[in-house]
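Values below: all heavy atoms of this structure, side chains included; hydrogens, waters and symmetry mates excluded. Along the sequence shown, residues carry numbers from 1. None of the values given here were measured: they were computed from a predicted structure.
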Amino acid sequence: MSNVITIEDQEFEAEVLKAEKPVLVYFWATWCGPCRLVSSSINWVAENYSDRLKVIKMEVDQNKDAVAKCKVEGVPALRLFKKGELAKSHEGAITKRQLQTMLNENL
């Protein structure tokens, strides 16, 4: 059972910007090959960082408002929010180790 939460545009403010703890937003697309590679790392993060981080998944094609708000230019894309503010962003494929380092440095 994954701890990743899938949301839509209308839930973005409540689930991300008003969240109590930091939120990692994972932007992806069904047609994106690198997204399939990154998905297992995102699930790993959701399982292993659940005590200090909420993990959100958003499909880019149906969530244009969040994509624009987060200035997503390519997928996969990651946005780390803390207290409603963008703390870190990453575009493109990322290894589990790189993701872990990014989170450890920013949480």
Side-chain angles (χ1 to χ4, degrees):
M1 178 76 186
S2 176
N3 290 332
V4 178
I5 303 164
T6 301
I7 67 167
E8 303 291 325
D9 272 341
Q10 62 271 23
E11 301 163 285
F12 186 82
E13 186 174 345
E15 292 288 340
V16 178
L17 301 179
K18 293 184 177 176
E20 294 291 316
K21 58 183 172 179
V23 182
L24 179 68
V25 183
Y26 168 53
F27 290 95
W28 69 287
T30 54
W31 45 262
C32 168
C35 294
R36 287 191 278 282
L37 299 173
V38 173
S39 279
S40 64
S41 296
I42 298 300
N43 291 332
W44 181 86
V45 165
E47 295 298 322
N48 290 279
Y49 285 75
S50 62
D51 59 326
R52 53 197 160 136
L53 178 72
K54 179 159 74 167
V55 179
I56 299 285
K57 186 175 177 180
M58 297 190 79
E59 191 169 355
V60 292
D61 292 332
Q62 46 200 51
N63 294 295
K64 304 285 188 202
D65 292 345
V67 166
K69 188 176 291 184
C70 294
K71 297 181 172 86
V72 173
E73 295 179 4
V75 285
L78 300 171
R79 299 294 185 267
L80 179 64
F81 287 86
K82 290 161 85 174
K83 296 182 177 154
E85 299 292 322
L86 182 63
K88 185 76 177 170
S89 76
H90 179 86
E91 301 263 334
I94 188 170
T95 66
K96 185 164 115 180
R97 183 174 299 212
Q98 290 170 319
L99 180 54
Q100 194 173 9
T101 299
M102 181 185 103
L103 293 173
N104 290 341
E105 289 174 354
N106 291 284
L107 288 179

Calculate, to the nearest 0.5 Å, the distance between atoms CZ and NZ belonging to Phe12 and Lys18 respectively. 12.5 Å
Check Ala29 against Asp61 and note the closest heavy-atom contact, atom names and distance. CB-OD2, 4.4 Å
Nearest-0.5 Å distance that lies between atom CG in Leu80 and atom CG in Asn106: 6.0 Å
Any idea which heavy atoms bring Pro34 and Pro76 closest together, and the distance? CB-CD, 3.7 Å
Please report the closest heavy-atom contact between Glu59 and Thr30, naming both atoms and the distance. OE2-CG2, 3.3 Å
Quick one: closest heavy-atom pair of Ala46 and Val4, and the distance? CB-CG2, 3.5 Å
Quick check for you: to the nearest 0.5 Å, what is the distance between Cys70 atom SG and Leu86 atom CG? 7.0 Å
Decide if atom NZ of Lys82 counts as having more than 12 heavy atoms of other residues, nucleotides or ligands within a radius under 6.0 Å. yes
Any sub-3.5 Å donor-acceptor pair from Asn63's side-chain atoms to Asp9's backbone N or O? yes
Please determine whether a side-chain nitrogen of the Lys or Arg among Glu15 and Lys54 lies less than 4.0 Å from a carboxylate oxygen of the Asp or Glu. yes
Among the clusters formed by ILVMFWY side chains lying less than 4.5 Å apart, do Trp44 and Leu37 turn up in the same one? no
Atom NZ of Lys21 with >12 non-hydrogen neighbours under 6.0 angstrom: yes
Using distance alone, with no hydrogens and no angle criterion, decide if Thr95 and Gln98 have a side-chain donor and acceptor under 3.5 Å apart. yes
Given side chains that start at C-beta, do those of Phe81 and Leu17 come closer than 4.5 Å, heavy atoms only? yes
Nearest non-hydrogen partners of Tyr49 and Leu103, listed with the distance: CE2-CB, 4.0 Å
Verdict with supporting geometry, Ile7 and Met58, side chain to side chain contact (heavy atoms under 4.5 Å, CB included): CA-CA 6 Å; Ile7 67 167; Met58 297 190 79; 3.7 Å; yes
Distance col, row His90:NE2 vs Leu24:CG, nearest 0.5 angstrom, shows 11.0 Å
Side chains of Leu78 and Ile42 in contact at under 4.5 Å (non-hydrogen atoms): yes
What's the separation between atom OG in Ser89 and atom CZ in Phe27, rounded to the nearest 0.5 Å? 10.5 Å
Answer yes or no: does atom CZ of Arg52 have more than 12 heavy-atom neighbours from other residues, nucleotides or ligands under 6.0 Å? yes
Do Arg79 and Glu91 meet the salt-bridge criterion of a basic N to acidic O distance under 4.0 Å? yes
Could you walk me through whether Val55 and Ile5 pass the side chain to side chain contact (heavy atoms under 4.5 Å, CB included) check? CA-CA 6 Å; Val55 179; Ile5 303 164; over 6 Å; no
For a side-chain hydrogen bond (donor to acceptor under 3.5 Å, both in side chains) check, start with the C-alpha distance between Tyr26 and Asn43, then their side-chain angles and the critical distance, and finish with the verdict. CA-CA 10 Å; Tyr26 168 53; Asn43 291 332; over 6 Å; no
Quick one, Val16 with Ile56, criterion side chain to side chain contact (heavy atoms under 4.5 Å, CB included). Give me CA distance, side-chain angles, the key distance, then yes/no. CA-CA 8 Å; Val16 178; Ile56 299 285; 4.2 Å; yes
